[in-house]
Amino acid sequence: APAPPPARHLFSDPAEVEALRRNLLAWYDRCKRDLPWRTLAATEPDADRRGYAVWVSEIMLQQTQVATVIHYYNRWMQKWPTLQALAQASLEEVNELWAGLGYYSRGKRLQEAARKVVSELAGRMPRTAEDLQKLLPGVGRYTAGAIASISYGQATGVVDGNVIRVLCRLRCIGADSSSPAVIDRLWDMANVLVDRSRPGDFNQALMELGATVCVPKSPLCRECPVKQHCQAWHRKLFGKAPPVPDVEDCGAGDCPLCPPATEPWDSSLGVTNFPRKAAKKPPRVMRTATCVLERRGCHGAPEYLIVQRPSSGLLAGLWEFPSLPLAQDLQEEKEREELADHLQAWMGQPVAAKGLQFIGEVIHIFSHIHQTYVVYSLYLDGDVTLDPALSPSRWVTEDEFHASAVSTAMKKV
Ligand code: SF4
């Protein structure tokens, strides 16, 4: 069995845990943001509806700012107020509503899971974090804990990016916060801390603290409701972490949760010494040629051709202008030729590379890809018969384009 973590980095004093819960919840009651899913979770008497609302909000909030999510959440709940309604939606409708929110597989998986609940679980949401994680595709440990604690009152902790930051600061954890060893300790800690009578509020309070007070760059420590429990704050004020009764300080260099000996406490950083992460892998660099094909529609308004991406992989099932990934360091002339060949195979008629008009480049950063779209346009005079054996395609007006399931990157194009 692994050695127990050094007590300095734990919450082992029950009186301190009680005081921290009290202070944090009192602050939350005073200062929490008014968010539509919170209102619904607090007022909806039906447990399945509560669970569904929290689930939708939690999936949307992954990697996405609250301010962006509110609008999408409200539209989603208006269109599909229940699991049953969502289970009947088409993937196309889901993608259309999700367009612009990013990480598109989230919407797809949410809908698949809703279908599963309706068809295999008699429309009843699982009620515990363990079952939610086991039975619902796309529901990981964090989302399961959030739904179970907020909707069903299960006393189970949650660990997301905000909680990682707060806990690492509260307990001066400076080892790599993305390592499994540290993440496991943080889950243990979250499960110890969670308030037994108000677990959902406590978890939301901890996340709210990370989102609004204990923020990454300039945390508002003076206003923090738990500063008296915060070892990083104490260390910033007094130059060292507070003494813990009956606990020896961590030995230099061999504590699995302290900062590595090669990167000790930097007093110019203060509490932002924590958390620490291993350096991220640089994003993959990609270039894609894309062509905006335009024709005059039957009512005289311009129309543009969009084609559907494959049903798996990046931006699965979304629509885009005909596009072609390019090898790096290709000469412009060669890029043009390859794109012309691609369009030709598509349309079954010759496309002259010279006819493609270069418009410009659009850069879009996906989470792990630095994508450059090299944008061309081509005006088509006559009608074109598209090869039905290739991906689905359709002509759309500008308004229809914006209402379609297209990514933010394509809107930039
Ligand atoms: Fe975060 Fe500062 Fe509060 Fe500590 S005192 S939890 S570092 S905001």
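Note that ligands are numbered from 1 as they come in the structure, with each ligand's atoms numbered from 1 the same way.
- Ion pair E44/R50 not flagged as a salt bridge, since none of the NZ, NE, NH1 or NH2 atoms sits closer than 4.0 Å to an Asp/Glu carboxylate oxygen.
- Put simply, C214 stays out of reach of atom 2 (Fe) of ligand 1, with no N, O or S atom under 2.8 Å from it.
- Atoms OH and CE, from Y28 and M207 in turn, are 8.0 Å apart once rounded to the nearest 0.5 Å.
- Of all protein heavy atoms, the one closest to atom 3 (Fe) of ligand 1 is C224 SG, 2.4 Å.
- Among W55, Y73, Y52, Y72, the single residue meeting the ring pair (Phe, Tyr, Trp, His ring centres under 6.0 Å) criterion with W37 is Y73.
- At a threshold of 4.0 Å, the pair D160-R165 does not count as salt-bridged, since none of the basic side-chain nitrogens sits closer than that to a carboxylate oxygen.
- Within the 4.0 Å heavy-atom criterion, both parts of K227, backbone and side chain, lie near ligand 1.
- Set against the non-hydrogen atoms of V271, the atoms of ligand 1 under 4.0 Å away are 7 (S).
- The side chain to side chain contact (heavy atoms under 4.5 Å, CB included) with K334 is formed by just one residue from the set E337, R336, E332; it is E337.
- Taking 4.0 Å as the cut-off between side-chain N and carboxylate O, D131 and K134 count as a salt-bridged pair.
- The closest protein non-hydrogen atom to atom 2 (Fe) of ligand 1 is C221 SG, 2.3 Å.
- Against a heavy-atom cut-off of under 4.0 Å, R169 is close to the following atoms of ligand 1: 7 (S).
- Below 4.0 Å from some heavy atom of C230 lie the following atoms of ligand 1, by number and element: 4 (Fe), 5 (S), 6 (S), 7 (S).
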